[in-house]
Amino acid sequence: MNILITGASRGIGKQIAIDLAKAGHNVIANYNKSEKDAKLMQEELKKENYEIDIYKADVSKRNEVKSMVDFVIKKYGKIDVLINNAGISQEKMFTDITDSDWNNILQVNLTSVFYTIQETLPNMIHNKSGCIINISSIWGLVGASCEVHYSVSKAGIDALTKSLAKELGPSNIRINSIAPGIIDTDMNKNYTKQELNNIKEEIPLNKIGSPNCISQCINWLINENYTTGQVISPNGGWVII
Ligand code: NAP
């Protein structure tokens, strides 16, 4: 399968890209700022005889998303799976969030998903087949204090997933969200050891998730054919709804 994944230079996206490449798929791994990391991943995979494309694009910009999708379609003919993983977070009291903070989080986390899906859909509709997976967050489900804009962006992704599933079902295109709990990546590097331990104690499975947990979920969603419009939340039981 031809699989385009955004934000694949680090963290969750990188793990997904590596696992899918090793499973034999054609993977196009998008990155924005972390060119070194993306190139290193590509080189490491090459050493093990796996080819992967890396493509620089800021997914918050329509023209860059369009060029990326055009590149993939020109090279591979079609996109079977689109994984919207790129995202940023910011901790701020609601009263301190500026217009620019708000717009930036919404643009990078949510509007980017609107762009990538709109640019990819004509190809999927033409092929009457496709799988779209959006990475949201538990905070879109239950709300996070001091991360209102982040939570809104992730809840927006889930609403987009549910609405679009109804439109796209007849075209045989599935779309689902994965809403992770806390996962061990750079996104959580500001937590102290003590804070992470406190969080662990709140989680019934008593552990912080690894990018691998999300990659396994992706693998399942790609390979099944009767799930659409759902929000699946690997979170160790931290949030149960
Ligand atoms: P991370 O380690 O900080 O990695 C973020 C990735 O997103 C990087 O590859 C980064 O690429 C990319 N990115 C950011 N802005 C971008 C842009 N404008 N255009 C293209 N790529 C962009 O974060 P992570 O933990 O792996 O997070 C991945 C996704 O999971 C995010 O959507 C996040 O909200 C979600 N999530 C994470 C957690 C968690 O606990 N870690 C929990 C719930 C949900 P560059 O560095 O190349 O710019």
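Atoms within each ligand, like the ligands themselves, are counted from 1 in listed order.
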Tell me: protein heavy atom nearest atom 27 (O) of ligand 1, and distance?
-> M187 CE, 4.0 Å

Taking distance alone, with no angle check, do N85 and ligand 1 share an N/O pair under 3.5 Å?
-> yes

Do ligand 1 and I183 have nitrogen or oxygen atoms that lie under 3.5 Å from each other?
-> yes

With a 4.0 Å cut-off, would you call R62 and E119 a salt bridge?
-> yes

Starting from atom 43 (C) of ligand 1, find the nearest protein heavy-atom neighbour and note its residue, name and distance.
-> P180 O, 3.4 Å

Identify which one of I79, T116, L82, I28 satisfies the side chain to side chain contact (heavy atoms under 4.5 Å, CB included) criterion when paired with V69.
-> I79

Ion pair K92/D101, N-O distance below 4.0 Å = yes

Find all atoms of ligand 1 within a distance of less than 4.0 Å from any non-hydrogen atom belonging to Y31, and give their numbers and elements.
-> 47 (O)

Start with the C-alpha distance between I132 and T120, add both sets of side-chain angles, then the distance that settles side-chain contact (heavy atoms from CB on, under 4.5 Å), and finish with yes or no.
-> CA-CA 10 Å; I132 300 168; T120 306; over 6 Å; no

Identify the protein heavy atom lying closest to atom 46 (O) of ligand 1, giving its residue, its atom name and the separation to 0.1 Å.
-> S34 OG, 2.5 Å

Measure the acute angle between the ring planes of Y55 and F71, then classify it against the limits of 30° and 60° as parallel, tilted or perpendicular.
-> tilted

Mark up the atoms of ligand 1 that fall under 4.0 Å of a heavy atom belonging to K33, in ascending order.
-> 45 (P), 47 (O), 48 (O)

Going by distance alone, is a donor N or O of one side chain under 3.5 Å from an acceptor N or O of the other, for S67 and D70?
-> no

Which atom names give the shortest non-hydrogen contact between I175 and T228, and what distance separates them?
-> N-OG1, 3.0 Å

of all protein heavy atoms, closest to atom 1 (P) of ligand 1 is R10 NH1, 3.7 Å

Do any N/O atoms on S137 end up under 3.5 angstrom from N/O atoms on ligand 1?
-> no

How about N219 and N223: does a side-chain donor come under 3.5 Å of a side-chain acceptor?
-> yes

Short version for N188: what comes under 4.0 Å of ligand 1, heavy atoms counted, is side chain

Under 4.0 angstrom from ligand 1, any heavy atom of N30?
-> yes

Can L168 and M124 be said to form a side-chain contact (heavy atoms from CB on, under 4.5 Å), step by step?
-> CA-CA 10 Å; L168 297 182; M124 287 186 171; over 6 Å; no

Are E201 and N197 linked by a side-chain donor-acceptor pair shorter than 3.5 Å?
-> no

Which residue and heavy atom of the protein sit nearest atom 14 (C) of ligand 1, plus the separation | G87 O, 3.7 Å

Going through the checks in order, is the salt bridge (charged side-chain N to carboxylate O under 4.0 Å, His left out) test met by K47 and E44?
-> CA-CA 5 Å; K47 279 186 204 152; E44 295 288 321; 3.5 Å; yes

When only distance counts, is I88 in polar contact with ligand 1, meaning an N/O pair under 3.5 Å?
-> no

Under 4.0 Å to a heavy atom of I135 - the qualifying atoms of ligand 1, by number = 29 (C), 30 (O), 35 (C)

Protein heavy atom at shortest distance from atom 19 (N) of ligand 1 = V59 N, 3.0 Å

Does I138, backbone or side chain, put an N or O under 3.5 Å from an N or O of ligand 1?
-> no

For N172 and K128, indicate whether the former's side chain and the latter's backbone hold a donor-acceptor pair under 3.5 Å.
-> yes

Please state whether G181 comes within less than 4.0 angstrom of ligand 1, counting heavy atoms only.
-> yes

Protein contact to atom 11 (O) of ligand 1 [nearest heavy atom, distance to 0.1 Å] = S9 OG, 3.2 Å

Quick one: closest heavy-atom pair of T227 and R174, and the distance?
-> O-CD, 3.3 Å

Carefully, step by step, assess Y31 and E35 under the rule side chain to side chain donor-acceptor pair (under 3.5 Å).
-> CA-CA 7 Å; Y31 67 95; E35 186 151 80; 2.4 Å; yes

Using atom types as modelled and distance alone, determine if a side-chain donor or acceptor of S177 lies under 3.5 Å from a backbone N or O of A179.
-> no

Give the numbers and elements of all ligand 1 atoms closer than 4.0 Å to a heavy atom of I182.
-> 40 (O)

So, D184 side chain and S210 main chain: donor-acceptor pair closer than 3.5 Å or not?
-> no

Pull out every atom of ligand 1 sitting under 4.0 Å from any heavy atom of G11, numbered as shown with elements.
-> 2 (O), 26 (O)

Please identify which atoms of ligand 1 are closer than 4.0 Å to at least one heavy atom of D186.
-> 2 (O)

For ligand 1, is K154 a contact, meaning one of its heavy atoms is under 4.0 Å away?
-> yes

Is there a heavy atom of Y150 sitting under 4.0 angstrom from any atom of ligand 1?
-> yes

Mark the output for A57 as yes if a heavy-atom distance to ligand 1 is under 4.0 Å, and as no if none is.
-> yes

Which ligand 1 atoms does T185 reach within 4.0 Å, using its non-hydrogen atoms?
-> 2 (O), 23 (O), 24 (P), 25 (O), 26 (O), 41 (N)

With backbone taken as N, CA, C and O and side chain as the heavy atoms from C-beta onward, which portion of V108 lies under 4.0 Å from ligand 1: side chain, backbone, both, or neither?
-> side chain

Which residue and heavy atom of the protein sit nearest atom 13 (N) of ligand 1, plus the separation = A86 CB, 3.9 Å

G7-ligand 1 polar pair, N/O distance under 3.5 Å = yes

May I have the step-by-step check of side-chain contact (heavy atoms from CB on, under 4.5 Å) for N32 and K56, ending in yes or no?
-> CA-CA 5 Å; N32 185 28; K56 177 173 165 56; 3.6 Å; yes

Identify, by atom number and element, the atoms of ligand 1 in contact range of D58, meaning under 4.0 Å from any of its heavy atoms.
-> 17 (C), 18 (N), 19 (N)

Examine ligand 1 and decide if any of its atoms is less than 4.0 Å from a heavy atom belonging to S136.
-> yes

